[in-house]
Amino acid sequence: MAREVLNRRRMCRRDFLEVGAAGLLGMSIADLLAAGSSAAGKGLRPARNCIFVWLAGGPATIDIWDMKPDAANQIRGEFRPIATTAHGLGICEHLPELARVMNRCVLVRSVSHTLADHSPGTELVTTGHAPTPALAYPCVGSLATKLVKPHGGVPPYIVLGENAPAQSGFLSTSASPLRIVPADLSDRRVAAPVGLPDGFSVDDLGRRNVLRERLDRQFAAWDQTQVATELSVFESRAMDILRADKTRKALDLRSEPQAIRDRYGNGWPGQALLAARRLVEAGVGFVTASISGWDTHTDNFGRLRSELLPQLDRALASLIGDLDQRGLLDDTLVYCAGEFGRTPNVNGAAGRDHWPRAMSVLLAGGSLRRGFVHGSTDKDGYEPESGTCSPADINATLLALLGVAPQTTLRTPAGRPINVFGDGKSIGGIVRT
Amino acid sequence: MPPSRMMSLSRTLSLSRAGISRLGKTDWREERRPRSPVRRALRLAALALIFLALPRQASRSADAQVALPGGTKLQEVDFGRHVLPLISRFGCNAGACHGSFQGRGGFRLSLFGQDERADFAALVEHVDVDVPHESLLLTKASGQVEHGGGRRIAPDSWAYAVLLAWVRQGAHFSPKATRAPLKLVPSPAAIHFLATGATARLRVSARLSDSTVEDVNPFCRLESNDPGTVELGSDGQLRALQPGTTHVVVIYAGLIATVPATVRFVSASGPGETSITRQRADTGPGNAIDVLIDRRLDELGLPAQPLADDASFLRRATLDVLGRLPTVEEVRDFLQARDPQKRERTIERLLDDPQHASVWATRLCDLTGCRVETIGGPDELKPAHARMWHAWFRRRIADNVPFDRIVRGVLSGTSRGGRTPEQYIDREVALAQAALTGGVGNYDQSESLDLFYRRTSPDVTLDHPALAERVAAAFLGVRIQCARCHKHPYDRWTQGDYASFVNVFADVAFGSSTELNRAVLAHLAEDRRQREAGRSPPPLPRSQEVYLDRRLAQPLDDPATKAPAPPRAIGGPLLAAAGDPRDALVDWMLRDDNPYFTANWVNRVWAHYFGRGLVEPVDSFSATNPPTHPELLDWLAAEFRRSGFDLRHVERLILCSNAYQRSSKPINQLADAARYYACAPVRPLMAEAIVEAAEQALGERSPWPKEIRRGGTVFDVAADRPTDPRLAYLFELFGRGNRESVCDCDRSPEPTLRQTLHLMSDAEWVKRIEKSPLVTELAAAKEEKVAVERAFLRSLSRLPTPAEEQMIHEHIRAARSRRDAWNDIVWALLNTRELRTNH
């Protein structure tokens, strides 16, 4: 946002980390992780990557993850639960593939908030803060980019999808992601986002870049200005990415065996999650993949049954299964959520409306438990009954699992210290001990 | 209600004081259990009434005298002047605590204490007048009883003593206080720190309605707008952390005062002082702007850069005024000219250029929300309607029509104006015909921009609240969105203010009026007759219009009165119910004493030329967000008004100032200097400008939309998203914005990784460079020195330095071919930070 960039001018100097005294609040996940890494055999270590599967529009989690088969007709809906590989856990019958991998997942059924509009709800869930005119907060992907040491040669943070939420808030634009849109993955693309074109070799690039750097020396006097600094960061990052050429290869889905592509599905959800896996393999730390269409005010069941659930089922189950099979699941967090759940009561148009008071989210990987359910909702799914937690708690948990200490503080351009966990407290119960 | 009646009420309810306090306590313990809202409301009402009555009975024997931090002794604790401000000061009623919509822990306060009565009703439930120190208000706040918010107030503190004294004195509340605070008087009124590390103390008194003055210092909430510059310690102690200026905002009992604070860069007696003064004296102030800018620089002890060299000035001004690079000829002519007035003459030439109108038409299309998706009417006409929208503004800026007339044309009027329905239909037919051939007909000559009100969205034909929010942000610089749902937390707007402002537009309708329908039917019948007679009349487009119809209006209710809110300007007077309130709104905006309109507009012009407003964000004028240079903003606003709202006059003043023309070279170690205009700021280019710069440098226009006129630039593109996919991609890549949001942040010109990757490696871009007329021309040049100069002039709009020239010669000698070498050189020039920024 234009406003932010101007406010951010003065950022570099003060945009530093402050880590206060530890241990005030007892053992946090991060402490446990730190303890685990030194205590042999525990096997707990910070995750290195995170894939955030964003279900834009607000999925009817009551029909997906937290079914109410015994509730009255107008609440129960049209679907039945099926058993999964996690003992005693049932999920929607239209998710047969995910049912097979639920023994590797954590389901949190008790996330609750109060913002029932798409845009504020999205901001709350992705940043852990309700929108306020006073300060724009960064989303969890930007925080992770800022706080977790990146791998070289690839962008630290990529979002897949036109409208994937990705505000970098008060952080400088260097914590914002590289955005990849569906057109970039198609064969008829308007522009190639990463990678050198035919006939333009790494040597050509290197030669031209040497010249660019020498010409840019004239501008060295401007180095201390915000815009000049940001451009420099992007120049060296772009050179890294183009030289390593890992990102282009990762985004080239044609090099993946056809059988695997088919398993993920050929629609956008399959393509996006396959790309996400390939990007994480290439070293991208944080990937957000946005899948839209979940705003089912009308024909909720028809749309879930015919398109939304089958596509999600194949793509997400393949992703979790693949990561596990490739030994990447311990290093990679998977988080699947939308901005809110949907009303337990089915409306007159066979749809469900916005319902932030109770929603379920799926997590997997890293040091999370395997095949575990946290929290529950009342008999009709209106409110959490146990284990109530907020979107900020989920974000705090993710950051902690990535090794961020709970006392970590960032400063806004105006110098205001902001604790990165905000109001959130990491949910210890869903972490392996 | 007189006290005597309340007393009798309390007797009828047969509640002893002990009973009440027990009730209060039971209440608390029970509150997590579900309870009927009606019963709860009744109980609350009864409690409030009883407590209102009690103080008259309560003995004053409590004679609590509370010593406040400043040494003052407080005799009687008042709910509105002392208790509620303390609750605010300790953050109890913040949005994250009990001020949230749901309250917290079953205890709800109004956000930042905006509703005294409700807060009193909530608070009395948590006091025990019999055993005051056991009141939950105190035990929770002091953390003696488990409290989610932890300990806010220590039991041995003065604040605790104040609250305790209030309870002891009977916990009363007099809604119509005789001693209501009217105005805050901070002392000093402005703070000047001589150096980093210096401290200062701020004392705040309040003038009360009985003309007395009370020390309210301990009860104020203080906030530094920039805690990195001035930090707030306890009890009003301020500490200068780094050089700069900011404001300390004082909030007390619904009143707001701001105190400017300045921290000097160089200590007043420091050795730098004389050289600073001399440096600026050499140039002398360019115009009145500089007098005010320099005054602030002196206060800050900041040196300033000298004026930028000619090439830098020309590039900066051409990019800002015309949205393109200067041509090679323009640079050469300017560098060679010996005329001492050449900068002023160039500024005139730029302001007269038709492309200047195109840049501002685009800015105004951003502001007024020209989006193809939401323009009402037949789909096939929407792109043409966007072009008409742009053309309407372009014509007016080109003719330098006074800005008040432009704004009246946008905000008031109807589609038909004085036309009969038949004449209007004929015009619609003519415009549709023009649209099909890519033109705009004579739309740009029509008096009003009715397209501003021709809006649809999936949900509603004309979204009046969204429209009103846009008007407030665009033309008044005020954000009222928050007040749609609750009182604005950082400003004075209530839901009632919001509803009143929305209702200014309540009568505006978009669609087919009965009159127009009748005329359309007649027109169709006539067409049929014509066709039967063998003639072929031009097709009639679906005719709709913007018109006024009070019968269709659905005015918003004021939540306080539950009745339709009367139309009122935001922060202004009630607008006459007779006639069109929009006309009265514009009249009010143009009045000399209007606090927003002119200030907002000159601030936006300033922000265009400096990348940052004197009030920033530009659409956030509010008591808590004062301008960095208040006198300058006032002066510019007055000048704009005095000149008859002459936009070009304001631009000329800015462009001619030293502040604008200074070198952008940062002053060593003083990264913030640009904020005070000691040097010019370095800014990213607007999306259109970077696209245009590339086109211009390569010397070949892409086959882009027809709406780019001969000699024009991509600023001619009217639609939010052009039809050409490649141009649409580039606009999005460089952050042009989609005009969906009212916010000025809809555009995001800041650099991104993807932009850099694009300029380094996009296949089509790299190929375009290699096939460009520029590379061909350079490779074919007979004299290498001339080619090098030309390459620099085309891209960086300056001549190369000798070192750069040498570097280029070496590169050419080492290359396989001249063509290869020039491909490299042009690629490198177009990837420099110097090209990508305005500096």
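Naming convention: chains lettered A, B, ... in sequence-line order (proteins, then strands); numbering from 1 in each chain. All values below come from the heavy atoms of this structure, side chains included, with hydrogens, waters and symmetry mates left out.
Chain A forms more heavy-atom pairs under 4.5 Å with one residue of B/Leu830, B/Leu730, B/Asn823 than with any other, namely B/Asn823. By number of non-hydrogen pairs under 4.5 angstrom with chain A, the leading residue of B/Thr246, B/Leu733, B/Leu835, B/Val766 is B/Val766.
Every residue two or more places apart in sequence or in another chain that forms a side-chain contact (heavy atoms from CB on, under 4.5 Å) with A/Pro138 is listed here: A/Ser142, A/Leu143, A/Phe170, A/Leu171. Scanning for ring-ring contact (aromatic ring centres under 6.0 Å, His included) contacts around B/Trp606 gives B/Phe610, B/Tyr677, with sequence neighbours left out. Partners of B/Ser620 according to the side-chain contact (heavy atoms from CB on, under 4.5 Å) rule, which considers only residues two or more places apart in sequence or in another chain, are B/Arg479, B/Pro617, B/Asn625.
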Report task. Assess whether salt bridge (Lys or Arg N to Asp or Glu O under 4.0 Å) is satisfied between A/Glu230 and B/Arg836, documenting all intermediate values. Result -> CA-CA 12 Å; A/Glu230 282 174 350; B/Arg836 291 191 57 189; over 6 Å; no
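Dense packing is recorded around CG of A/Asp378, with more than 12 heavy atoms of other residues, nucleotides or ligands lying under 6.0 Å away. With a 6.0 Å radius and a threshold of 12 heavy atoms from other residues, nucleotides or ligands, B/Arg239 has its CZ atom at or below the threshold.
Looking at A/Asn209, the atoms closer than 4.5 Å to chain B (heavy atoms on both sides) sit in the backbone and in the side chain alike. For chain B, the nearby part of A/Phe200 is the side chain; its heavy atoms alone come within less than 4.5 Å. Interface residue A/Ser232: backbone and side-chain heavy atoms are both found under 4.5 Å from chain B. Looking at A/Leu178, only its side chain comes within 4.5 Å of chain B, counting heavy atoms on both sides.
In summary, B/Asp820 and A/Arg208 do not engage in a salt bridge, as defined by a charged side-chain N under 4.0 Å from a carboxylate O.
Between the side chain of B/Arg754 and the backbone N or O of A/Arg179 there is at least one donor-acceptor pair closer than 3.5 Å.
Counting all heavy atoms, side chain and backbone alike, A/Leu215 lies closest to B/Glu804 at O-OE2, 4.1 Å. When every heavy atom of B/Arg833 is checked against every heavy atom of A/Asp216, the shortest pair comes out as NE-OD2, 2.9 Å.
Interface with chain B: from residues 240-250 of chain A, residues A/Ile241, A/Leu242 qualify, criterion being any non-hydrogen pair under 4.5 Å.
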